[in-house]
Amino acid sequence: MNVERIVIKGGRVIDPKNGLDAMVSVCIAGGKIITVGDAPLGFVADEEIDATGQIVCPGFVDLCARLREPGQEFKATIASETAAAAAAGVTTLCCPPDTRRVIDTPAVVNLLRERADSVGKARVIPIGALTRGLLGKELSSMMALKTAGCVAVGNAFAPVENLLVLRRALEYAANCGLIVVVRPEDQSLRNRGCVHDGAVGSHLGLPLYPSSAETVAVAQTLVLAEQTGAKVHFGQLSSERAVAMIAEAQQRGIEVSADVAIHQLHLTESAVIGFDALAHVNPPFRSLADRNALREGLKRGVLAAVCSDHQPHDPNAKLDAFPATEPGISSLETLLPLSLQLVEEGVLDLSAAIARLTEGPAEIMGLEAGSLSVGVSADVCLFDPNLLWIAKGADWLSKGINTPFYGLEFKGRVTQTLLSGRSVHCL
Amino acid sequence: MNTSIQFDATGKLRHFLTIDGLSRELLVRIMDVAESFSSVTEQQVKKVPLLRGKTIVNLFFENSTRTRNTFELAAKRLSADVLNVNIATSATSKGESLLDTIRNIEAMSVDMFVVRHEASGAAHFIARHVAPHISVVNAGDGSHSHPTQAMLDMFTIRQYKGDFSKLKVAIVGDILHSRVARSEILALNALGTEEVRVVAPKTLLPIHAESLGVKVFHDLDQGLEGVDVVVMLRLQKERMSGAFLPSEHEYFSYFGLTQERLAKAKPDAIVMHPGPINRGVEIDSRVADGPQSVILRQVSNGIAVRMAVMSMVLGGYGETHSGGAV
């Protein structure tokens with residue numbers, strides 16, 4: 001039990017969940033927030049953190065970050081990636097079920113949790129598999145996964161064999177009170193495509209991954225979500241039409257939510273010009289209109305969360321002809337500066353940007369995180385919004401350096417991260 | 001487009017990967033150099049010593065007869081040593097990575113890779129990773145690019161038609177999967193062709209086809225109306241199982257080039273085909289073997305054009321030997 005008393009003073013505290021944006025102090029004792037505002041009478045801090053010139057906000061909640069353990073430790077490990085998360089201000093992260101032992105049994109859930117706990121850098125929330133082995137044929141043991149602590153199940157990149165299996169999986173998950181995280185992708189329409197079906201992909205002669213592969217899957221899933229009453233969350237959208245369909249469903253009162261990967265809010269199809277494998281992502285970067293619609297959806301709250309969609313790779317994963325490379329970006333450590341860039345570009349105000357990284361994702365998953373409410377675990381992120389830094393070398397903690405942003409200069413950097421009142425990262 | 005990778009720091013052509021980003025002047029020079037080599041291939045002793053002592057590796061990850069043979073002949077006529085690497089029986093089928101294959105052959109002190117690969121972007125990838133003294137010539141990557149084929153087609157068109165600015169060219173068939181079409185469109189536009197058309201059913205056209213710089217036709221008769229050059233593309237059998245088309249028969253009925261259809265084009269129009277041809281599928285034998293067909297001329301031009309490209313990339317041809325024949 002952590003009984004240390006900490007006060008964070010002199011910073012601008014932004015806590016969107018509680019509508020707070022003020023120059024106040026945050027007091028922590030026993031790993032929990034005890035006050036935000038003036039220190040209670042008789043509070044004597046053991047440690048004082050000077051946050052002058054800094055923003056103090058809840059630790060970020062990341063709905064999609066791959067740690068590669070168990071099974072692909074040659075790419076990354078729980079230790080390396082949770083350290084990167086701490087450096088990125090992320091205190092809670094959801095890990096998709098497509099580890100190499102799929103997260104479809106309580107044993108794997110426990111293993112992940114125990115390893116994360118022993119490293120102690122970030123809270124890891126394993127997403128269970130929707131189907132056994134992610135094979136898309138039979139239901140996973142959802143009740144057992146729930147008992148082991150899962151709050152959600154998902155399909156990751158794996159297709160569900162047919163719509164009947166999907167419908168039953170949604171029904172059963174609803175029955176278990178589990179959220180279903182769907183990465184919408186119709187495999188047959190995708191047909192091994194790897195870039196957006198636009199002028200750039202046409203020109204380069206690369207296999208196309210059409211927007212319709214996403215929108216058809218969103219449409220089908222929305223129909224079944226409405227029919228089954230399942231709580232569906234769409235992960236990592238890429239297209240304008242998908243955002244519009246989800247907005248429409250939300251307006252009709254269907255309980256669906258969605259997130260977007262941070263890089264989708266910045267890059268477009270032209271990122272792959274020159275066959276740059278670092279810009280190979282799934283779903284692919286799409287048109288400027290799509291990117292702008294994602295930004296607009298984020299602003300309006302249709303997309304309530306920004307995730308990192310962190311996918312660290314070994315160097316070989318990107319060393320091949322473009323279609324043969326593995327998709328994905330190592331993106332935890334650029335999550336904050338790229339979010340701040342949205343503020344700079346007028347897409348969101350600072351408080352809304354922080355909300356999409358904290359309150360928004362926490363609410364989607366029903367987690368008691370993403371706020372500085374009195375009594376909650378003191379997961380706090382301090383960042384300097386003006387600090388310039390270069391994303392490389394010793395300043396890069398993830399084992400994966402597969403990012404088109406590697407080596408670039410960024411503005412805004414996390415200076416300290418507290419997890420349950422304990423410092424897990426300090427610049 | 002990022003094509004600077006094709007040039008070295010001094011602006012000399014180092015790799016030949018795509019037509020994209022190449023100037024009209026450079027394309028004309030390739031054709032001029034090819035012209036000078038045409039006579040070589042007609043001589044009794046068909047050899048020049050331009051690339052003596054150089055080693056050229058034909059690295060074909062995808063089957064090809066004609067392209068590989070003409071590259072090999074072109075290299076030999078330039079007096080280079082040629083190594084043919086048969087990938088089907090080589091290490092990649094044992095799990096060696098593309099990059100390891102390249103590194104191993106590189107270690108044998110070679111000077112040029114001629115690469116064919118089924119993945120778009122493969123030649124770019126290899127060019128980005130080879131040692132600084134090695135050049136890469138793209139012999140076809142996926143559906144992306146086949147620049148030497150495009151140049152031999154331009155060379156052939158120039159021989160028969162001269163000035164590109166007065167020409168209407170129709171490319172007919174499976175544009176979607178065709179690296180030849182993509183490269184030809186770029187070359188024709190760079191050379192100032194009056195009108196470039198593509199003719200195909202919607203299932204065989206790339207999305208946003210117009211953005212490639214062409215007029216799109218879905219009807220062969222309309223597409224051939226008044227053109228000077230007809231380029232027919234090969235139709236792969238896989239297109240039927242992939243649900244792109246119902247049958248070869250239906251394709252031939254609506255998109256096959258027959259004498260009657262060819263009559264829509266200008267009377268002196270030439271008919272081209274990058275080969276290998278499917279008689280009775282995309283083209284009628286009477287047209288393929290008819291007086292307007294220049295298909296076999298394309299093949300012989302292939303050697304001269306590949307000699308030109310290889311000598312320009314490797315030997316600095318045009319600087320030390322600028323001008324006429326050797």
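Residue numbers start from 1 in every chain, and the chains themselves are labelled A, B, ... in the order their sequence lines are given, proteins ahead of strands.
Every ring pair (Phe, Tyr, Trp, His ring centres under 6.0 Å) that His280(A) has, sequence neighbours left out, goes to Phe322(A). Under the rule for a ring pair (Phe, Tyr, Trp, His ring centres under 6.0 Å), Phe217(B) has no partner lying at least two apart in sequence or in another chain.
Of all residues spanning residues 190-216 of chain B, those with a heavy atom less than 4.5 Å away from chain A's heavy atoms are Pro206(B), Ile207(B), His208(B), Ser211(B), Leu212(B), arranged by number.
Contacts between Arg179(B) and chain A at a heavy-atom distance below 4.5 Å are absent for every atom of the residue. Contact annotation for Ala199(A): both backbone and side-chain heavy atoms come within less than 4.5 Å of a heavy atom of chain B.
To the nearest 0.5 angstrom, Phe275(A) atom CZ is 3.5 Å from His144(B) atom NE2. A distance of 10.5 Å separates CZ of Arg128(B) from CG of Leu319(A), quoted to the nearest 0.5 Å. Note that CG of Asp100(B) is 7.5 Å distant from CG of Asn316(A), once rounded to the nearest 0.5 Å. A distance of 8.5 Å separates CG in Asp20(B) from CG in Leu204(A), rounded to the nearest 0.5 Å.
His203(A) places a side-chain heavy atom less than 4.5 Å from the side chain of Leu186(B).
Between Lys318(A) and Phe125(B) the shortest heavy-atom distance is O-CE1, 4.5 Å.
Applying the 6.0 Å contact sphere to CZ of Arg100(A) captures no more than 12 heavy atoms from other residues, nucleotides or ligands.
Residue pairs meeting the side-chain hydrogen bond (donor to acceptor under 3.5 Å, both in side chains) criterion with at least one partner in residues 129-140 of chain B, sequence neighbours excluded, are Asn138(B)-Asp141(B).
Ranked by heavy-atom pairs under 4.5 Å with chain B, the list Pro207(A), Ala321(A), Ala277(A), Gly198(A) is led by Ala321(A). Interface summary for chain A: among Ser120(B), Gly142(B), Ala119(B), Ser143(B), the most heavy-atom pairs under 4.5 angstrom belong to Ser120(B).
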